[in-house]
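Note that the structure is a prediction, hence the values are computed from the model and not measured. Values below: all heavy atoms of this structure, side chains included; hydrogens, waters and symmetry mates excluded.
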Protein chains: 2
Amino acid sequence: MALGDAILACLTERPMTGYELAKTFDSSIGFFWKADHQQIYRELSKLRDRGYIQGREVVQTGKPNKLVYTLTNEGRTALRHWAARPSTPASNKDDLLVRFHALDSVDLEPVRADLMARLEHHRDRSERYERILKKRFPDGTASEAADIGNLLLLKLGSRHEQMVAEWCEEAIDALSGLTGHGTTVVPLEDGKREKG
Amino acid sequence: MALGDAILACLTERPMTGYELAKTFDSSIGFFWKADHQQIYRELSKLRDRGYIQGREVVQTGKPNKLVYTLTNEGRTALRHWAARPSTPASNKDDLLVRFHALDSVDLEPVRADLMARLEHHRDRSERYERILKKRFPDGTASEAADIGNLLLLKLGSRHEQMVAEWCEEAIDALSGLTGHGTTVVPLEDGKREKG
DNA sequence: CGACTTTTGTCCGTTACGGTAAATAACGGG
DNA sequence: CCCGTTATTTACCGTAACGGACAAAAGTCG
């Protein structure tokens with residue numbers, strides 16, 4: 001259970017509903033952990049079954065009632081125990097990079113298109129990180145533990161995106177150099193026989 | 001299927017056995033894609049069933065016979081088709097980073113220990129990348145597609161490890177600043193009740 | 001009335017991960 | 001001679017994760 005722990009970690013900040021968590025996993029913590037709403041609700045059920053979180057129903061008018069989840073002491077303890085175990089380095093697993101490993105066996109256009117999309121994506125993220133950094137830590141320092149954690153996270157994110165964005169530019173350059181001019185025509189010798 | 005495609009990508013270089021692939025996934029391509037031998041053998045069966053690869057048994061004396069897998073034309077085509085589809089940006093999913101999101105709710109010692117281990121790990125990798133780079137591309141350039149792909153891969157890997165290693169140092173610094181001196185003692189109020 | 005949003009779920013199928021184990025056979029150390 | 005390691009492939013099993021489709025309930029907006 002790792003997604004579960006990520007959820008627990010989120011709930012240390014404040015009690016949240018599944019819906020809110022799903023939103024959170026789409027932004028802040030979502031920058032380094034993706035999870036859709038089904039996953040989150042499923043995981044919430046499990047966490048509740050284990051007594052790590054507690055749901056409090058909030059009656060709403062105009063909207064369905066919502067379930068605000070709060071960490072229990074057991075949950076806090078579980079999180080601490082989990083956090084005390086050595087972490088696994090986590091592999092990257094990037095489709096795009098696999099393509100580069102077989103660059104001479106794939107068509108270059110899509111790779112290039114992908115790179116352009118990535119470049120934009122990483123630039124975008126980089127800017128978002130920078131914006132948040134400037135807003136939350138104008139002087140680039142923090143003193144409380146929670147803040148320090150987030151500052152470091154933001155710095156890492158920012159640098160990562162920056163670095164990858166630069167790499168994308170370089171890669172695009174290198175690929176264009178491969179063909180000299182805009183469009184490549186890779187001879188599809190066995191392309192005729194299409195695919196079984 | 002993504003692991004399958006990673007395997008196909010590996011096999012574009014040369015025919016390999018499952019055992020060799022497992023080794024490969026423990027080094028070169030393994031730098032950005034982890035897979036153990038069970039996964040690989042399972043995936044190889046699937047790929048064979050689909051006709052993407054072809055196994056040739058090599059009788060050995062002294063060792064069990066081995067199955068050398070070769071890409072079929074169908075496999076090549078499948079790889080190319082897969083590579084032509086836009087890639088998914090791939091989320092990082094790092095345990096350690098989750099901890100930083102809840103830094104005030106976890107014990108710092110293990111986090112610090114983790115960081116030290118990571119620092120070593122990333123430095124190690126960084127050096128490995130650099131060594132390979134110097135060896136394979138002494139002048140930092142490449143002309144053939146396959147080489148360019150690997151050059152770019154190595155550059156990305158190297159920079160990534162470098163960057164993360166530096167971040168680890170910074171994080172260790174920041175954490176030590178948190179407590180002023182070597183060892184922190186976080187009061188474990190509910191640690192007594194152990195865990196249900 | 002119908003479409004859309006908010007909120008909370010369920011069901012189902014696939015992919016992936018990873019531990020344990022086993023068969024087979026040589027080679028090398030104590 | 002037993003044991004551990006290397007090389008090689010494979011099976012079984014459980015859990016984690018992913019993600020599409022669907023539903024239900026209550027408001028709002030057009």
Whole-Å distance separating the CG atom of A:Leu47 from the C1' atom of D:dA16: 13 Å
Search all heavy atoms of A:Tyr69 against all heavy atoms of A:Gly55 and return the closest pair with its distance. CD2-CA, 3.7 Å
With respect to the phosphate group of C:dT8, does any side-chain polar atom (N or O) of A:Tyr19 fall under 4.0 Å of OP1 or OP2? no
Side chain of A:Lys66 only, please: which of C:dT7, D:dG19, D:dT9 is the nearest? C:dT7
Between A:Leu67 and A:Arg48, is any pair of side-chain heavy atoms under 4.5 Å apart? yes
Nucleotide C:dT10, atom P - distance to CG of A:Leu67 in whole Å: 11 Å
Phosphate OP1/OP2 of C:dT8: any A:Thr17 side-chain N/O under 4.0 Å: yes
Round to a whole Å and report the spacing from CD of A:Glu43 to P of D:dA16. 8 Å
Does any donor atom in the side chain of A:Gln54 or A:Thr70 lie under 3.5 Å from an acceptor atom in the other side chain? no
Identify the pairs formed between an N or O of the protein and an N or O of nucleotides 22-28 of chain C at a distance under 3.5 Å, and give each distance.
| unit_1 | atom_1 | unit_2 | atom_2 | d |
| --- | --- | --- | --- | --- |
| C:dA26 | O4' | B:Gly62 | O | 2.9 |

N-O pairing of B:Arg85 and B:Asp5 below 4.0 Å: no
D:dA16 P sits how many Å from B:Gln39 CD, rounded? 16 Å
How many Å lie between CG on A:Asp36 and P on C:dC12, as a whole number? 18 Å
If I take atom CE in residue A:Met16 and atom P in nucleotide C:dT7, what distance separates them, rounded to the nearest angstrom? 14 Å
Measure the distance from CG on A:Leu44 to P on C:dT7 and round it to the nearest whole Å. 14 Å
Keeping the roles fixed (side chain from B:Thr72, backbone from B:Tyr52), state whether a donor-acceptor pair exists under 3.5 Å. yes
Hey, which of these two, B:Arg48 or B:Lys23, hits DNA chain D nearer its 5' end, going by closest nucleotide? B:Lys23
C:dT20 base / B:Gln38 side chain donor-acceptor hit below 3.5 Å: yes
Without hydrogens or angle criteria, can the side chains of A:Arg118 and B:Ser87 be said to hold a donor-acceptor pair below 3.5 Å? yes
Whichever of B:Lys46 and A:Ser45 has its nearest DNA chain C nucleotide further upstream toward 5': A:Ser45
Below 3.5 Å, can you tabulate the donor-acceptor pairs from side chains in residues 143-157 of chain B to any protein atom, sequence neighbours excluded?
| unit_1 | atom_1 | unit_2 | atom_2 | d |
| --- | --- | --- | --- | --- |
| B:Asp147 | OD1 | B:Arg136 | NH2 | 3.4 |
| B:Asn150 | OD1 | A:His101 | ND1 | 3.3 |
| B:Asn150 | ND2 | B:Ala146 | O | 3.4 |
| B:Lys155 | NZ | A:Glu170 | OE2 | 3.2 |

Can you check the B:Tyr69 OH to D:dT8 P distance for me, whole Å? 13 Å
Heavy-atom nearest nucleotide on DNA chain C taken for B:Trp33 and for A:Tyr41; more 5' hit belongs to A:Tyr41
